[in-house]
Amino acid sequence: MSQSLSTARRGLASISSHVKQGNLIQAVQTLRAGVQAMLQHQLLKAERSEMEEMVRDGIMYLGYDRNLGKIYPIQIEYKPGEEKALIATLDDLLVALHEHSVGNANQLIESRNERWQALIDDAEKAMREGEFDRARKLAAQVMKENPTGKEMHLDIALRFLQAGAREDAVEYLEKITEGNGYSASACNWLGIARRRLKRFGEAEAAFKKAVELDNSDPNIYFNLGRLYLDWEKWASAYKAAEQAATLDPEFAEAVKLAEYAKKRI
């Protein structure tokens, strides 16, 4: 008996274990490989009879899984000599199993997102009630469980900023803008939070980074102009506000800022 045929036999013998462990996709793939081996090899009568019996057993073991009928409500049939038809059925079953697996994964992601969003809402409620330590614990839990969710982290930071917890907001925003993959929006908000803490030099660096990432957003230039206004750097304030107004001529606040700063130069 060839090595590949021996491997196929061992695989067929393992189907019951895969089913017991809930690894239906692995079980079906193993069954398919065994049937394919039957087609690829010239088998002696005794070998074929043994393989046919192992295939029938494999199909029987698949039937023991209670969920399989819900995923694929079609009876799997096999008659000796109809291996190609069985392979077609198994391929169809694999498609159904993969679709079910993806669907479950999407449901899990949606469930987790809903849970994290609820925790963020609870954190905001705690802030409104003055329980900032509790809010920080809830926010930390979300960030620990979802370490790569930068948009969700930004939501957390903005809720702290809106609640007046500027130091907390800056801390979260600085974490968001570490490494790669952060947005111009995150840098813009970091600049705003730092400006409100009068950390003007650090705010300027954040706004300039935001401009590097997106030089078409008039709001970033306007916020940079607001920074220079507070910093009393009139020429820089005028230049930034003028750029915001150029990008959006209907941006009335930018026009007013530019006019005010120009008078102070």
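A salt bridge links E204 and K208; the closest N-O separation between the charged side-chain nitrogens and carboxylate oxygens is under 4.0 Å. For the pair D168 and R136, the salt-bridge criterion is met [side-chain N within less than 4.0 Å of a carboxylate O]. A salt bridge links E174 with R194: the distance from a Lys NZ or Arg NE/NH1/NH2 to an Asp or Glu carboxylate oxygen falls below 4.0 Å. In summary, R159 and D155 engage in a salt bridge, as defined by a charged side-chain N under 4.0 Å from a carboxylate O. Note on R56 versus E53: salt bridge recorded, some NZ/NE/NH1/NH2 to OD/OE distance being below 4.0 Å.
P218 approaches A244 most closely through the heavy-atom pair O-CB, 3.3 Å. For the pair S14 and T30, the tightest heavy-atom approach, listed with the atom from each and the gap, is OG-CG2, 4.0 Å. Shortest non-hydrogen contact noted between M51 and R9 is SD-CG, 3.4 Å. Of all the heavy atoms in I176 and A157, the pair that sits closest is CD1-CB, 4.5 Å. Contact detail for L161 and R196: the closest heavy-atom pair is CG-NH1, 3.6 Å.
Going from atom CZ of R134 over to atom CE of M127 covers 10.5 Å, rounded to the nearest 0.5 Å. Going from atom CD1 of I220 over to atom CD of E212 covers 11.0 Å, rounded to the nearest 0.5 Å. One distance of note links CZ of F222 with CD of E253; it measures 4.5 Å at 0.5 Å rounding. To the nearest 0.5 Å, atom CD of residue Q21 and atom CD of residue Q26 are 9.5 Å apart. To the nearest 0.5 angstrom, R32 atom CZ is 11.0 Å from T89 atom OG1. To the nearest 0.5 Å, the span separating CD1 on I76 from CG on L93 amounts to 5.0 Å.
With sequence neighbours excluded, the residues satisfying side chain to side chain contact (heavy atoms under 4.5 Å, CB included) with S185 are L154, S183, W189. Residues satisfying the ring-ring contact (aromatic ring centres under 6.0 Å, His included) test with Y78, not counting sequence neighbours, are none.
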request  = Report the C-alpha separation of R199 and E167 in whole Å, then their side-chain angles, then the decisive distance to 0.1 Å, and conclude whether the salt bridge (Lys or Arg N to Asp or Glu O under 4.0 Å) test is met.
outcome  = CA-CA 11 Å; R199 291 161 54 176; E167 293 284 0; 3.7 Å; yes
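Around atom CD of Q117, more than 12 heavy atoms belonging to other residues, nucleotides or ligands sit under 6.0 Å away. Within a 6.0 Å sphere centred on CD of Q42, heavy atoms belonging to other residues, nucleotides or ligands number 12 at most.
Grouping the Ile, Leu, Val, Met, Phe, Trp and Tyr side chains by contacts below 4.5 angstrom, directly or via other members, places M143 apart from L173.
Within the 4.5 Å cutoff, no side-chain heavy atoms of C187 are placed close to those of F207.
Between F132 and F160, the ring-plane angle classifies as tilted under the 30° and 60° cut-offs.
Of the N and O atoms on the side chains of N188 and N219, not one donor lies less than 3.5 Å from an acceptor on the other residue.
For residues 235-250, the set of pairs meeting the side chain to side chain donor-acceptor pair (under 3.5 Å) definition, not counting sequence neighbours, is empty.
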